[in-house]
Each structure stands twice: as C-alpha cells, then as structure tokens.
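One structure is given here, and the rest of the page talks about it.
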Amino acid sequence: MRDSECIAFLQWALPKLGLRWEGFRKPRRQVCRRIKRRIEELGLESLDGYRRRLAAEETPSPEWLQLDSFCRVTISRFFRDRAMWEALGREVLPVLTGAARDESRTVIRAWSAGCASGEEPYSLCLLWKVVGAPSRADAALEVVATDSDERLLVRARRAVYPSGCLRELPERRRSEAFRETAAGEYELREELRRGVTFRCEDVREAAPPGPFDLVLCRNLAWTYFDASVQRRVLERIVSVLCPGGFLLIGGHEVLPEGGKGLERVGRSIFRRV
C-alpha cells in the first residue's frame, strides 16, 4: 500500500467517523499499518476492495467500528509535556486543595479522558503523592480514567511499563515510584494505583458521573475529532466540571468556539467560569 493511497483513503473515511484528517497527518503510518493488516486478514486484494466493502455498509457497522479502532493513535508516556505538568503542580493543584480546605471537602476528583495505557492518570497520582504537589493536602485525590479501548485498559490496570515510557521521569522519582521487574520493565507501586478507577468509555459518547474538579483531555478530542464532535465533547466536559474547576488540553490544541463556558488561565489550562 503506497502512502498516497492510504492518505486518499483516510481523507475519504475519517469524516464518516467524525474524525478530521488534519490530526492524522503525522501519525498516519501507524493507522495505515493497521489497515494493511486488516486487508490481509479479510483476504482482500487491495485498499480499493476494502473501501468498496465499507461503502456498501452503513455506519456504524462492525467493520466501520473496526476501522474506528484502528484510528486510535496511542502516543503516551509519563509526564508527557513536562511544562504542562509543572504548571499543574504549581498553579492548579494548590488552588484545588485550597478550595477543598475552605469547603471542608475530603476528596478532589479528576477525570483523565482518553487515558490509553494509564500513563496520564498515574502521572497525576505521582505528582500528587510523590513529587509532593501539594505535600500538605488534607483531601484525597480520586481519579476516574476512561478510554474506548479495553485492551489498553488491561495494560493500564496491570501498570507495568517499558523504560521508554518513563524517560521524562527523573531517575530518583523512578526508583521511588516503580519496582523494576525481572524482565527489565517497571511496575508502578501499589500505593500509587489505589486512587485510580478505569472505565471503558468513549468520550465522544459519554462522560463518567461528575462533578470533577479537574479534567485532563489532552491530544485527543481537539486533535482528532471533527468540529461538530469537538463541540459535543466540550459541552459534555463542561457539564461535569465543577464551577471553578480546571480543564487541561494539549499544548498545540485549540478549543472550539474559544472554549465556551471556560476562561483561559494558562497556556493549555482553562477554568470553568
């Protein structure tokens, strides 16, 4: 399959899935490899044959859902975009713990949307419990982490990672938070998993029960979804976000309609007004 053929196919198929081609320019080869394997599994001779098969089916048919699963780009590691995590620890968590203290609340709730293999929600727990932001919090942190791919969630619950997923974590923090296995991988210590609950859920269709003080939806909705789906996702997030709660997005992402219901308070940080 030539790259130009896959590009043309994706430009035809993605809008039918509520996805935008612009988000797939760079990671398209990951998606194209999956499509190529699927064509071989089905015994089809070409990409054109696969396109004809899809064109004969209504969405969402099983094969369209299969294609949708191929379009889930998973690039995840602990503390991806360190500047965002530093801002979260410096500017957001102290505000949330102060508000919880003023309101005599014992729990701060966060939602990690599109959590993949768990690196993001576990990074939040590391920031809270190991890195020490905030070290004197009276409230406990509870994280609900969602993803539409159950296979990724199995890996997330297992919490064992190759060293490449930890490359942005300082060596001292790595030894505090992980146990090296006999296979040379790194297992997250049990005490850092307790506050995280995983749910198989597609952010395009549903949100976990709120309210949440903090939502992380990074490098997903505002990168890969089309404009109409982006608006629905934003409305859904705002509906479960506490007044004064925070939304964090990817560093290069832009919210639809300027982030209706939110005000920007940092590079990729918004607060519900």
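Model, not experiment: these values are computed from the prediction. Excluded from the calculations below are hydrogen atoms, water molecules and symmetry mates; all remaining heavy atoms, backbone and side chain alike, are included.
The distance from the CG atom of Leu93 to the CZ atom of Phe246 is 9.0 Å, given to the nearest 0.5 Å. In this structure, the separation between CG on Leu65 and CD on Glu57 is 10.0 Å, given to the nearest 0.5 Å. Atom CZ of residue Arg29 and atom CZ of residue Arg34 lie 15.0 Å apart, to the nearest 0.5 angstrom. Atom SG of Cys200 is separated from atom CZ of Arg151 by 10.5 Å, given to the nearest 0.5 angstrom. Distance NZ/Lys129 to CG/Leu124: 10.0 Å, rounded to 0.5 Å. Expressed to the nearest 0.5 Å, how far CD of Gln66 lies from SG of Cys71 amounts to 11.0 Å.
With hydrogens and angles ignored, the 3.5 Å screen pairs no side-chain donor or acceptor of Gln30 with any backbone N or O of Pro27. For the pair Arg272 (side chain) and Val238 (backbone), a donor-acceptor distance under 3.5 Å is present. Between the side chain of Arg28 and the main chain of Ile7, no donor-acceptor pair closer than 3.5 Å is present. A donor-acceptor contact shorter than 3.5 Å links the side chain of Glu253 to the backbone of Leu220. No donor-acceptor pair closer than 3.5 Å links the side chain of Trp222 to the backbone N or O of Gly250. Judged by distance alone, the side chain of Arg236 and the main-chain N or O of Arg204 form a donor-acceptor pair under 3.5 Å. In this structure, the side chain of Thr181 does not engage the main chain of Tyr186 through any donor-acceptor pair within 3.5 Å.
In summary, Arg53 and Asp48 do not engage in a salt bridge, as defined by a charged side-chain N under 4.0 Å from a carboxylate O. Asp147 and Arg199 are not joined by a salt bridge, as no carboxylate oxygen comes within less than 4.0 angstrom of a charged side-chain nitrogen. Salt bridge Arg105/Asp213: present, at least one basic N to carboxylate O contact under 4.0 Å. Electrostatic pairing of Glu120 and Arg218 counts as a salt bridge here, judged by a charged N lying under 4.0 Å from a carboxylate O. Look at Asp81 and Arg267 and you find a salt bridge, because one of the NZ, NE, NH1 or NH2 atoms lies within 4.0 Å of a carboxylate O, short of that distance.
Minimum interatomic distance between Phe79 and Glu168 (heavy atoms only, all atoms of both residues): O-OE1, 3.1 Å. Shortest non-hydrogen contact noted between Arg264 and Gly266 is CG-O, 3.1 Å. Of all non-hydrogen atoms in Phe198 and Pro121, the two that sit nearest each other are CE2-CG, 4.1 Å. Across Cys165 and Arg77, no two heavy atoms sit closer than the pair O-CB, 3.4 Å. Of all non-hydrogen atoms in Ala177 and Leu188, the two that sit nearest each other are O-CD1, 3.5 Å. Shown here for Val240 and Ala207, the closest heavy-atom pair between the two residues is CG1-CB, 4.3 Å.
Looking at heavy atoms from C-beta onward, Leu88 lies in side-chain contact with Leu214 at the 4.5 angstrom threshold. Looking at Arg271 and Val95, their side chains come closer than 4.5 Å, going by heavy atoms from C-beta outward. Side-chain contact between Cys125 and Arg193 is absent, with no heavy-atom pair separated by less than 4.5 Å. Counting only heavy atoms from C-beta outward, the side chains of Ser76 and Ser117 never approach each other to under 4.5 Å. For the pair Glu91 and Ile269, the minimum side-chain heavy-atom distance is below 4.5 Å. With a 4.5 Å cut-off on side-chain heavy atoms, Leu262 and Leu241 count as touching. Between Ser148 and Asp68, every side-chain heavy-atom pair lies at or beyond the 4.5 Å cut-off. Residues Leu247 and Leu255 form a side-chain contact, since some pair of their non-hydrogen atoms from C-beta on lies under 4.5 Å apart.
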Evaluate the criterion side chain to side chain contact (heavy atoms under 4.5 Å, CB included) for residue pair Leu47 and Arg51; output intermediate values, then yes/no. CA-CA 6 Å; Leu47 187 59; Arg51 177 170 174 167; 5.7 Å; no
Under the side chain to side chain contact (heavy atoms under 4.5 Å, CB included) criterion, do Cys115 and Val196 qualify, and how do the steps go? CA-CA 11 Å; Cys115 67; Val196 183; over 6 Å; no
Might you work through the side chain to side chain contact (heavy atoms under 4.5 Å, CB included) test for Arg194 and Glu190, ending with a clear yes or no? CA-CA 7 Å; Arg194 291 180 190 142; Glu190 179 63 31; 4.1 Å; yes
Evaluate Cys217 against Ile237 for side chain to side chain contact (heavy atoms under 4.5 Å, CB included), listing each step before the verdict. CA-CA 9 Å; Cys217 186; Ile237 288 174; 4.0 Å; yes
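The aromatic rings of Trp12 and Trp64 lie tilted to each other, with the angle between the two planes from 30° to 60°. Ring geometry for Trp111 against Phe212 counts as tilted: the plane angle lies between 30° and 60°, on a 0 to 90° scale.
The distance between the ring centers of Phe9 and Phe24 does not fall below 6.0 angstrom. Between Phe178 and Phe78, the gap from one ring centroid to the other is short of 6.0 Å.
Placement of Leu248 and Val254 in two distinct hydrophobic clusters is found when ILVMFWY residues are connected by side-chain heavy-atom separations under 4.5 Å, directly or transitively. Note on Leu166: it does not cluster hydrophobically with Val160, by side-chain heavy-atom contacts below 4.5 Å among ILVMFWY residues. Taken together through direct or relayed side-chain contacts under 4.5 Å among Ile, Leu, Val, Met, Phe, Trp and Tyr, Leu152 and Tyr224 form parts of separate hydrophobic clusters. Residue Leu192 is grouped with residue Tyr122 when hydrophobic side chains (ILVMFWY) are merged at heavy-atom distances under 4.5 angstrom, including chains of intermediate members. Hydrophobic clustering (ILVMFWY, side-chain heavy atoms < 4.5 Å, transitive): Val215 and Val107 are in distinct clusters.
The salt bridge (charged side-chain N to carboxylate O under 4.0 Å, His left out) test with Glu40 is passed by exactly one of Arg37, Arg38, Lys36: Lys36. Between Phe225 and the choices Arg231, Arg20, Arg232, Gln230, the side-chain contact (heavy atoms from CB on, under 4.5 Å) rule is met once, by Gln230.
In this structure, Arg189 places its CZ atom where more than 12 heavy-atom neighbours from other residues, nucleotides or ligands lie under 6.0 Å away. No more than 12 heavy atoms of other residues, nucleotides or ligands sit less than 6.0 Å from atom CD of Glu45. Dense packing is recorded around CZ of Arg25, with more than 12 heavy atoms of other residues, nucleotides or ligands lying under 6.0 Å away.
Side-chain atoms of Tyr161 and Glu187 include no donor-acceptor pair closer than 3.5 Å. A donor and an acceptor atom, one from each side chain of Asp226 and Ser228, are located under 3.5 Å apart.
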